[in-house]
There are 2 protein chains.
Amino acid sequence: MAEAPGGEGLLYLTDEQLRKGIEAMFFAYRGFTADPDRILETMDYGRAHHRAVHFIHRSPGTTVSNLLAILAVTKQSLNRVLRTLIDEGHVRVEKGKVDARERHLYLTARGSELERALSDAQRARMRAAYRAAGPQAVQGFRQVLEAMMDPEMRVQYSRLKDGA
Amino acid sequence: MAEAPGGEGLLYLTDEQLRKGIEAMFFAYRGFTADPDRILETMDYGRAHHRAVHFIHRSPGTTVSNLLAILAVTKQSLNRVLRTLIDEGHVRVEKGKVDARERHLYLTARGSELERALSDAQRARMRAAYRAAGPQAVQGFRQVLEAMMDPEMRVQYSRLKDGA
DNA sequence: TTGGAAAGTCAACAAGGCTGACATAAATTC
DNA sequence: GAATTTATGTCAGCCTTGTTGACTTTCCAA
């Protein structure tokens, strides 16, 4: 293998390699969202609904402000999406017992069905990609993605990663 | 190392592992776009402008329909973005010499400056992530992303990957 | 009891997707 | 040469999902 200019095997850090990584992210992210998007549009939902449903499924009973922190949107924006999910029977709200100001969010049976459909579609692609690339590649994939996150988001991610 | 239920080392294909990969993509993509986004908003541009500038830089002289295929948006949507880039002197248009219906797109000096600023910001984060994860991880990262793309997009990506 | 946090709501706005319709110039085909 | 197709641009109108600002209600805690 040829060595980098500095002679330290840093060829993978050239601008050219980085640019390829950037384009890989762009094209892959489109694939990543394509399958759930197709399901969502049949029911007049968008990606914002998917995200809300995903994280409510992941952390049942999470509060609105928790969700705001994870999704990094304004409460007005989140509220609009939650409103439709609640009105259409996908999400159930419970007033907090300890702190009654808080609203705890849960998926209904219908909501769980939707979540299942969405994540099945997304996981199928992810599984195919994982299988094609192999376990070692997957480990690298996760390492690079984690390093790419903002530190605050790495915390959110780790919280989820290490179990509810 | 523990073996998967099937006894074939497939632990990395469990739903739990796939879900982590899905969330890693979500959080990482936000980091991925955060730095250029900050630059863009100072000049009333959005991600759509970034994408156009990126691919015109990548393939100088590319046509409008080429760009439409790569970006996978409607011509009306692209045109709106292209219009502002041209009007504000970031992109130059040239009528095709072989086929005069075609419009060939180039970055102006100003446009190149903008491209530089945007990609410097994005590459800095990518470089840090690459460095933190190491060359082997980067290889896996690219393998998984490539496997995650839609086949048509993998073609687009490979075209770019293998030189102009 | 009062200040402030959590949550919700209303209004208004913007970016950037979309569709459909239509115009024009140039190339291609018949 | 006429008809058709292709590449592009543009107008109008719509949607989702983001934004800010203002205001209310609820309710915990000092």
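Residue numbering restarts at 1 for every chain, and letters A, B, ... go by the order of the sequence lines. All figures in this text were calculated on a predicted structure; none of them were measured in a lab.
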With a cut-off of less than 4.0 Å, is there a side-chain N or O of Thr74(B) near OP1 or OP2 of dG17(C)?
no
Less than 6.0 Å separating the ring centroids of Phe26(A) and Phe55(B)?
yes
Close side-chain approach of Leu145(A) to Met25(B), heavy-atom, < 4.5 Å:
yes
Measure from CG on Leu78(A) to C1' on dG18(D) and round the result to the nearest Å.
12 Å
Provide a list of protein-nucleic acid N or O atom pairs under 3.5 angstrom, restricted to nucleotides 23-25 of chain D.
none

Set of side-chain contact (heavy atoms from CB on, under 4.5 Å) partners for Arg103(A), sequence neighbours left out:
Val64(A), Val93(A), Lys95(A)
Classify the nucleic acid contact of Arg80(B) as base, sugar-phosphate or nothing, counting any heavy atom under 4.0 Å across all strands shown.
base
Figure out the CD1/P separation between Ile86(B) and dT8(D), and round it to whole Å.
12 Å
Tyr130(B) and Leu18(A), any side-chain heavy atoms less than 4.5 Å apart
yes
So which of residues 39-54 of chain A are in contact with DNA chain D, with a heavy-atom cut-off of under 4.0 Å?
Gly46(A), Arg47(A), Ala48(A), His49(A), Arg51(A)
Counting only side-chain nitrogens and oxygens, does Asn79(A) get under 4.0 Å of the OP1 or OP2 atom of dT9(C)?
yes
Starting at atom CZ of Arg83(A), determine the distance to atom C1' of dA7(C), rounded to an integer number of angstrom.
11 Å
May I ask you to evaluate whether Lys95(A) reaches the phosphate of dC27(D), defined as a side-chain N or O under 4.0 Å from OP1 or OP2?
yes
Starting from C1' on dA7(D), measure out to NE2 on His104(B) and report it in whole angstrom.
11 Å
Quick one: label Val98(B) by what it contacts on the DNA or RNA (base, sugar-phosphate, nothing), any heavy atom closer than 4.0 Å.
sugar-phosphate
Compile the donor-acceptor pairs under 3.5 Å between side chains in residues 79-89 of chain A and protein atoms, sequence neighbours left out, one pair per line.
{"residue": "Thr84(A)", "atom": "OG1", "partner": "His49(A)", "partner atom": "NE2", "Å": "3.1"}
{"residue": "Thr84(A)", "atom": "OG1", "partner": "Val81(A)", "partner atom": "O", "Å": "2.9"}
{"residue": "Glu88(A)", "atom": "OE1", "partner": "Tyr45(A)", "partner atom": "OH", "Å": "2.8"}

Does any donor-acceptor pair link the side chain of Gln76(B) with the base of dG13(D) at a separation under 3.5 Å?
no
Length of the CG-P vector between Asp99(A) and dA7(C), whole Å:
8 Å
Just wondering, do Phe141(B) and Gln143(A) contact through their side chains at under 4.5 Å, heavy atoms?
no
Which residues satisfy the salt bridge (Lys or Arg N to Asp or Glu O under 4.0 Å) test with Asp35(B), sequence neighbours excluded?
Arg38(B), Arg125(B)
Looking at residues 61-69 of chain B, who's got a heavy atom less than 4.0 Å off DNA chain D?
Thr63(B), Val64(B), Ser65(B)
Nearest whole angstrom, please: distance from the P of dA6(C) to the CG of Leu105(A).
15 Å
Out of curiosity, Arg127(B) CZ to Thr14(A) OG1, how far, rounded to the nearest 0.5 Å?
9.0 Å
Taking for Val73(A) and for Ala100(A) the nucleotide of DNA chain D with the nearest heavy atom, the one nearer the 5' end belongs to Val73(A)
Counting distance alone, no hydrogens or angles: does the base of dT8(D) have a donor or acceptor under 3.5 Å from a partner atom on the side chain of Arg101(B)?
no
I'd like to check Arg58(B) versus Arg19(A) (side-chain heavy atoms, cut-off strictly below 4.5 Å). Are they in contact?
yes
Please state how far atom CG in Leu82(A) lies from atom C1' in dT9(C), giving the value in whole angstrom units.
14 Å
Please determine, by modelled atom types, if Thr33(A) and Arg47(A) share a side-chain donor-acceptor pair under 3.5 angstrom.
yes
How many whole angstroms separate atom CG of Leu71(A) from atom P of dT17(D)?
12 Å
Under 3.5 Å, is there a donor on one side chain and an acceptor on the other for His50(A) and Glu115(A)?
no
Should Arg103(A) be listed as having a side-chain N or O under 4.0 Å from OP1 or OP2 of dA6(C)?
no
List the steps and the verdict of side-chain hydrogen bond (donor to acceptor under 3.5 Å, both in side chains) for Gln122(A) and His54(A).
CA-CA 11 Å; Gln122(A) 197 157 42; His54(A) 174 98; 5.5 Å; no
